[in-house]
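A quick write-up on the structure given underneath.
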Amino acid sequence: SQLRFLTDPSRAFGGTEWIHAIGQPDLSGRAPEVSDFLTRFRIPDADLAGVLLKAHQDTAQSAVDAYLDQHPERVSYWVSGQIGPSGAAG
């Protein structure tokens, strides 16, 4: 399936949506591993759109599980910060 955008002049589907990140100023001091993970955590827009579409078609859990299974190098980078054969950010 391919995600496509429809015109919505009457805004039946609402307006533009945003994802905002918030955090605690002292998080890096209290939980450096969590802070490092959140700093590295990125999902390309196209990948996120695919996950959201799959979640809509099936379940959120199956969409996340499939994404994590398909991108082990990216997940390894998020967790370890290592880029390379076992931690490439692909």
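Across all their heavy atoms, R42 and R74 have their closest contact at O-CD, 3.8 Å. Minimum interatomic distance between A60 and A55 (heavy atoms only, all atoms of both residues): CA-CB, 3.8 Å. Considering every non-hydrogen atom in both I43 and L48, the closest pair reads CG2-N, 3.6 Å. Contact record, T7 with P9: C-CD, 3.6 Å, taken as the closest heavy-atom pair.
For residues 19-35, the pairs satisfying salt bridge (charged side-chain N to carboxylate O under 4.0 Å, His left out) are D26-R30, with sequence neighbours left out.
Applying the side-chain hydrogen bond (donor to acceptor under 3.5 Å, both in side chains) criterion to D36, with sequence neighbours excluded, gives no partner residue. Partners of V34 under the side chain to side chain contact (heavy atoms under 4.5 Å, CB included) rule, at least two apart in sequence or in another chain, are L27, A31, L38.
Atom CH2 of W78 and atom NE2 of H71 lie 8.0 Å apart (nearest 0.5 Å). For the atom pair Y67 OH and L52 CG, the distance stands at 11.5 Å (nearest 0.5 Å). With rounding to the nearest 0.5 Å, the separation of NZ in K54 from CG in D65 is 9.5 Å.
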